[in-house]
**Student:** 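Take this structure, written in structure tokens, and hold onto it; I'll ask about it next.
The figures that follow rest on heavy atoms only: side chains count, while hydrogens, waters and symmetry mates do not. For the single chain, residues carry numbers from 1 onward in sequence order. For clarity, every value in this text was computed on a predicted model and none was experimentally measured.
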Amino acid sequence: MTGEIDVATSGELASALAGLLDGAPPAALELDFGGVRFLDSSGILVLLRGQGRAADRGCRLTVADVQPTVHRVLEITGVLELLGLGVPAEAADDAARIR
């Protein structure tokens, strides 16, 4: 993923997650945020809803390769651990990656 995830673009992320989680989702889904330079509260809401939806379907949704500014936003809001940041790499070895 690249760019900004904000009120104008968070719907795209929500649609992408819905498409991946409908039907038979993978056991794990890792979102590569290496190119995401900004994340606002609407993006966090989509991530949290996606994480809940994934969990309901037996899928572990995590976020990886987070830029420092985005990491700080996730840290301030208290959702780092919920999104798998700081989890040992072996826990997410089999995760499908979204770029």
**Student:** Are any of the side-chain heavy atoms of Leu47 and Leu82 separated by less than 4.5 Å?
**Tutor:**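 No - every pair of side-chain heavy atoms lies 4.5 Å or more apart.
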
**Student:** What pair of heavy atoms forms the shortest contact from Val36 to Val70, and how long is it?
**Tutor:**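 Scanning both residues completely, I find the closest heavy atoms to be O-CG2, 3.5 Å.
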
**Student:** How far does CE of Met1 sit from CG of Asp65, to the nearest 0.5 angstrom?
**Tutor:**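 Between Met1 CE and Asp65 CG, I get 13.0 Å after rounding to 0.5 Å.
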
**Student:** With heavy-atom distances below 4.5 Å as the criterion, would you say the side chains of Leu29 and Leu21 are in contact?
**Tutor:**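 Leu29 reaches Leu21 side chain to side chain.
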
**Student:** Measuring only between side-chain heavy atoms, which start at C-beta, is Leu39 closer than 4.5 Å to Leu74?
**Tutor:**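 Leu39 vs Leu74: side chains touch.
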
**Student:** Could you check if a side-chain atom of Ile5 sits within less than 4.5 angstrom of a side-chain atom of Phe38, using non-hydrogen atoms only?
**Tutor:**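 Ile5 vs Phe38: side chains apart.
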
**Student:** Rounded to the nearest 0.5 Å, what separates atom OG1 in Thr62 from atom CD in Glu30?
**Tutor:**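 If I round to the nearest 0.5 Å, the distance is 4.5 Å.
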
**Student:** What closest approach, in Å, do Leu85 and Val63 show between heavy atoms, and which atom pair accounts for it?
**Tutor:**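 So the two residues come closest at CD2-O, 3.0 Å.
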
**Student:** For Thr9 and Asp6, indicate whether the former's side chain and the latter's backbone hold a donor-acceptor pair under 3.5 Å.
**Tutor:**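 The answer is yes, because a donor-acceptor pair under 3.5 Å joins these two groups.
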
**Student:** Check whether any side-chain N or O of Gln67 sits under 3.5 Å from a backbone N or O of Gly35 as a donor-acceptor pair, and report yes or no.
**Tutor:**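 No; zero donor-acceptor contacts below 3.5 Å.
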
**Student:** Please report the closest heavy-atom contact between Arg57 and Asp22, naming both atoms and the distance.
**Tutor:**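 Distance-wise, the nearest heavy atoms are NH2-OD1, 4.3 Å.
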
**Student:** So, for Cys59 and Pro25, which heavy atoms are closest and what is the spacing to 0.1 Å?
**Tutor:**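 Nearest heavy atoms, Cys59 then Pro25: CB-CB, 4.3 Å.
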
**Student:** How close do Leu61 and Ala54 get, heavy atom to heavy atom, and via which atoms?
**Tutor:**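 The answer is CB-CB, 3.9 Å.
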
**Student:** Has Thr77 got a side-chain atom pairing as donor or acceptor with Ile44's backbone, closer than 3.5 angstrom?
**Tutor:**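 No, the answer is negative, given that no donor and acceptor are paired below the 3.5 Å cut-off.
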
**Student:** Tell me if a side-chain donor or acceptor on Ser42 pairs with a main-chain N or O of Val7 at a distance below 3.5 Å.
**Tutor:**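 Yes, because the side chain of Ser42 sits within donor-acceptor range (under 3.5 Å) of the backbone of Val7.
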
**Student:** When rounded to the nearest 0.5 angstrom, what distance separates CG in Leu83 from NE2 in His71?
**Tutor:**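 These two atoms lie 10.5 Å from each other.
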
**Student:** Which pair of heavy atoms, one from Phe33 and one from Val66, lies closest together, and at what distance?
**Tutor:**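 Answer, listing the atom of Phe33 first, then Val66: CB-CG2, 4.2 Å.
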
